[in-house]
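For this chain, numbers begin at 1 and follow the sequence in order.
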Amino acid sequence: MITPDLAPRESAAPVTRRSGAARGAAALIGWVALSAVLPGAAHLRAGRLRAGLLLLGGHLTVVVSVVCVAVGADAGLAGRALGWLGQISMVFLACSLAWFWLVIRSYVVLRPGRLPRSWQILTGLVAGVLAVVVAVPFAVAARYVRVSEQTLDAMFAAPAATGQAGVAPQRDDPWAGRDRVNVLLLGGDWGDNRIGMRTDSINVASVDVRTGNTVLLGLPRNLEHVRFPPGSPMAVRFPFGFQLPEYRPGWREDLLFSVWQYADDHPELFGGRRHMGAEVLKETIGHILGLRIDWYALVNIWGFAKMVDALGGLVMTVDRDIVYGLYDEGVVRAGTRRLNGTEALWYARSRTYSDDFDRMHRQRCVLGALLSQADPATVLSRFTEIAAATRRIVRTDVPRPMLEHLVPLAWKAKHAAITSLQFVPPLVNTAYPDWDRIRQLTAKAIRASVHTPAGPSATPYGSPPAPSSAPAPHRHRRSPSPSPAPTLTPPGTPSPIGDGCAPPPPATAR
């Protein structure tokens with residue numbers, strides 16, 4: 001009768017030991033996980049009060065400091081942070097290593113050796129995975145910051161001579177006493193498979209440094225008889241305007257879009273100095289508008305497709321079929337859908353059965369869609385691809401130190417009034433431009449912008465509305481017909497920058 005009583009007791013002991021080991025392993029992992037969120041928790045549990053309180057107090061101090069900085073942060077701090085990217089990257093890397101060590105150390109101080117060997121192996125693996133999981137976000141952040149620094153260095157490492165006309169950054173007044181900053185925004189088409197570079201999209205953003213109110217001034221690429229600043233080498237060569245003796249129908253090389261390349265091709269005009277295209281075009285555009293151009297930013301239109309693909313495409317409302325190519329090589333179909341990079345590029349660039357002015361409007365709509373749909377989640381998920389594409393397609397002479405001041409200005413401009421004035425027919429006759437009127441309208445638009453109440457005036461982007469009549473067929477690549485684009489406001493009246501673009505589709509269409 002004794003044997004039956006003993007058997008259950010002998011079998012229950014291992015079960016009890018296994019159950020206790022499981023609870024001990026679960027508790028150990030729980031404390032390690034808690035230490036990943038509240039450093040020092042495992043040390044306090046293990047009775048190491050001094051180390052635990054030091055870790056916990058240091059962590060809470062850092063968290064409170066970061067929260068206070070974040071609450072009080074503004075665009076100015078973001079701008080200054082661009083100069084600290086190297087240090088920020090090192091901080092994130094140090095945090096990654098510190099958190100990895102913290103998790104492992106928390107596991108060790110809880111003395112896992114008291115567990116059975118099988119549970120030691122299991123808890124050790126779980127702690128190792130947890131250490132990697134908490135360290136990876138910091139390592140990824142360090143990598144993103146480093147990629148950002150490399151991208152900015154590649155984009156803004158302009159030769160010293162190119163920034164001479166711009167504003168020199170100063171500690172007290174970065175704008176050197178000026179009340180406006182004028183940036184030339186260009187779309188070009190350089191590439192390994194193309195000869196030279198032509199600036200197909202030409203706009204000037206004139207920004208009030210006090211309010212952020214911005215006037216976007218657009219010039220057609222096909223302006224003829226372009227005048228140059230008096231006394232300049234180009235004015236000496238072309239005293240009666242930019243006009244070449246040779247002329248091939250359909251392939252004009254003496255229009256506004258050719259100024260950059262002509263200057264690059266003729267270094268003898270500038271005492272042998274090469275690559276003067278950017279400076280010459282800045283001076284030329286400034287002379288046309290009666291402004292001083294501080295810097296330029298040039299986007300490779302052929303690389304634009306890579307940027308759109310890096311973002312995962314753009315959702316656009318195409319109002320009508322857009323045929324592209326000299327021989328109707330393709331078509332962007334009408335409708336609301338997601339365009340890939342190639343489709344978005346040709347939607348913005350096509351002049352087939354269209355003209356330059358309709359194309360200018362579509363380019364503004366595509367640019368707005370790009371800005372509005374590049375949400376933080378998309379940018380973060382495709383950060384490396386976007387950064388790589390940006391390095392390949394952007395040129396600028398903005399000095400790297402000026403980013404500290406331009407970022408807050410851009411943030412201010414985003415929340416201010418933005419108007420657009422496009423010098424297209426019937427406002428301007430591209431064959432015989434009235435230069436005085438262009439300057440007068442520019443000055444008038446800027447004066448009106450200064451007195452515009454604060455607050456955004458831009459409307460959503462999408463695609464242009466269908467014109468009232470079909471545009472005349474146009475088959476020439478370099479000599480577009482001067483037919484007028486549909487006007488949405490009286491000629492010469494600045495309009496909101498997104499005016500005429502269809503609103504973005506609902507979220508379900510994205």
Separation of [Y] [atom2] from [X] [atom1] (nearest 0.5 Å):
X	Y	atom1	atom2	answer
L403	L406	CG	CG	6.0 Å
R437	T442	CZ	OG1	11.0 Å
L216	T419	CG	OG1	8.5 Å
L217	I446	CG	CD1	6.0 Å

Worksheet item: Considering residues at least two apart in sequence or located in another chain, which fulfil the ring-ring contact (aromatic ring centres under 6.0 Å, His included) criterion with H275?
Response: none

Response to the item:
Sorted by chain and residue number, the ring-ring contact (aromatic ring centres under 6.0 Å, His included) partners of Y144 (sequence neighbours excluded) come out as F383

Any donor and acceptor pair, going by atom type alone, linking the side chain of [X] with main-chain N or O of [Y] inside 3.5 Å?
X	Y	answer
R273	F270	yes
N182	R292	yes
T284	V280	yes
H287	E283	no
T211	N213	yes
S350	I322	no

Worksheet item: Without hydrogens or angle criteria, can the side chains of R180 and S206 be said to hold a donor-acceptor pair below 3.5 Å?
Response: yes

Pair [X] + [Y]: basic N to acidic O under 4.0 Å:
X	Y	value
R320	D358	yes
R337	E343	yes
D397	K282	yes

Just to verify, what does [X] make a side-chain contact (heavy atoms from CB on, under 4.5 Å) with, not counting sequence neighbours?
X	result
R210	D208
T151	V147, M155, A387, T390, R391
A139	S96
R274	P267

[X]: what forms a side-chain hydrogen bond (donor to acceptor under 3.5 Å, both in side chains) with it, not counting sequence neighbours?
X	answer
S258	E253
D179	none
Q422	S420

Worksheet entry | Partner residues of R333 under the salt bridge (charged side-chain N to carboxylate O under 4.0 Å, His left out) criterion, sequence neighbours left out | D321

Worksheet item: Is there a side chain to side chain contact (heavy atoms under 4.5 Å, CB included) between L289 and L219 once you walk through the steps?
Response: CA-CA 9 Å; L289 298 175; L219 290 170; 4.2 Å; yes

Response to the item:
For residues 423-436, the salt bridge (Lys or Arg N to Asp or Glu O under 4.0 Å) pairs (sequence neighbours left out) are D436-R439

Practice prompt. For residues W260 and Y296, establish whether the separation of their ring centroids is below 6.0 Å.
Written response: yes

Practice prompt. Verify the ring-centre separation between Y347 and Y324: is it less than 6.0 angstrom?
Written response: no

Would you list the atom pairs, donor with acceptor, under 3.5 Å between side chains in residues 223-234 and any protein atom, with sequence neighbours excluded?
residue	atom	partner	partner atom	Å
H225	ND1	A431	O	3.1
S232	OG	P229	O	2.7
S232	OG	A235	N	3.2

